[in-house]
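These notes are about the structure you will find just below.
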There are 6 protein chains.
Amino acid sequence: MKISARNVLKGKVVSVDKGATTAHVKIEIAPGQVVTASITNESVDALKLTLGSDAYAVVKASDVMVAVD
Amino acid sequence: MKISARNVLKGKVVSVDKGATTAHVKIEIAPGQVVTASITNESVDALKLTLGSDAYAVVKASDVMVAVD
Amino acid sequence: MKISARNVLKGKVVSVDKGATTAHVKIEIAPGQVVTASITNESVDALKLTLGSDAYAVVKASDVMVAVD
Amino acid sequence: MKISARNVLKGKVVSVDKGATTAHVKIEIAPGQVVTASITNESVDALKLTLGSDAYAVVKASDVMVAVD
Amino acid sequence: MKISARNVLKGKVVSVDKGATTAHVKIEIAPGQVVTASITNESVDALKLTLGSDAYAVVKASDVMVAVD
Amino acid sequence: MKISARNVLKGKVVSVDKGATTAHVKIEIAPGQVVTASITNESVDALKLTLGSDAYAVVKASDVMVAVD
């Protein structure tokens, strides 16, 4: 499957924290750069995400903001 | 200002493409890893974004998906 | 690629309207049920979306609201 | 109330799963096509959502992605 | 129609700026507090939004971030 | 830090409700106008949000919808 989302960042899962319905998954996409995803527990199971899994952080361009100092 | 968004990725602006109301800004956050943001033209002006600007790509955790091969 | 987004609705592209930077793509996911996506022109090209293409409308669960009459 | 969100898909609630603060609600919008919404528990109560309720899944066009095989 | 979005802020339209496909609509929700919405041109027409229209700015709780100085 | 998000509404925190992984924070941005944010527990801690804190509700323009009666 190929998706329209412009941002597909390859990395490795470095933490999975399941809550009651919502999980937080952290993916290291470059040395020292970690992206946090808040997804359903259901997705964690469906994708079999565990520590060390190869995974992509996927973000639609319209969900990216820009900031400057 | 400190923001709740869990993802604040430092980089450099590598392209700014203004449309009629919406602009696409690309930020290189690691060698070869470019993030595309779709923001208002108004924001591009307010933040004085130009090629080579230091900038952050900011994404709320609930807007990050995870994918696997 | 398998994605965490809980909503992947199969259908056919029934219209593609490119603007200056942002395109609107309509996908019929059931008889008479059409979903509108606002994506980058760049994605329309990358996915080669045209009238009649098979395509999926993909939505993260946290972007779905519920309404009642 | 009439809303700007381009996607208002009519259906029936087929599951409600409340977590600590966030609930997952599934709405069948066509035979076999189920949409999952992640909303606040507070909204589930305010809208009195239960199994079998008539409900709409509402999605802003800018939150819809497109994918192809 | 009653919606799950927790934030429904009443105000008046103070500007409508249509682009090629995407419009920016500004709604004053309190004296001096203006909210900007980026919506489709199609929605501007469907809702007949013009200067001075009574309107609500609607935002899902999961799309609100918090910042501190 | 200056952010591209067009909506930065100043107010005071009037409630903080932490769940298993996700918290709901309410900010009063004008007399009687309260905005609800659904953010990670992690952010609540990082920003030291408590009752009475000065805080901003921050929303990207593309996440604001418009509704009319």
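Computation of the quantities below employed the complete heavy-atom set of this structure, encompassing side-chain atoms and omitting hydrogens, waters and symmetry-equivalent molecules.
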*Heavy-atom contacts under 4.5 Å, residues 23-36 of chain A to chain C*: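 Listed by number: none.
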*Distance-minimising heavy-atom pair for A:L47 and C:K2*: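 Shortest heavy-atom separation between A:L47 and C:K2 comes out as CD2-O, 3.9 Å.
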*When rounded to the nearest 0.5 angstrom, what distance separates CZ in A:R6 from CD in C:E42?*
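Taking CZ in A:R6 and CD in C:E42, the distance rounds to 5.0 Å.
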*Going from CG on C:D63 to CG on A:D63, what distance comes out if it is rounded to the nearest 0.5 angstrom?*
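It is 6.0 Å, given to the nearest 0.5 Å.
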*asked:* Test of understanding: with side chain to side chain donor-acceptor pair (under 3.5 Å), list the residues that count as partners of A:T40, not counting sequence neighbours.
replied: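 A:S43.
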_Under the rule for salt bridge (Lys or Arg N to Asp or Glu O under 4.0 Å), what residues qualify as partners of A:K10, not counting sequence neighbours?_
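Not a single residue meets the salt bridge (Lys or Arg N to Asp or Glu O under 4.0 Å) criterion with A:K10.
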*Measure C:L49 against the heavy atoms of chain A and call it side chain, backbone, both or neither at under 4.5 Å.*
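Looking at C:L49, nothing touches chain A.
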*Counting only heavy atoms closer than 4.5 Å, note whether C:T22 contacts chain A via side chain, backbone, both or neither.*
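No part of it gets close to chain A.
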*Closest-packed option against chain A by number of heavy-atom pairs under 4.5 Å, given C:A46, C:S38, C:A5*: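 Of the options given, most contacts go to C:A46.
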*asked:* Could you work out, with side chain to side chain contact (heavy atoms under 4.5 Å, CB included) as the rule, every residue matching A:A20, not counting sequence neighbours?
replied: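 Listed in chain order: D:A20, F:A20.
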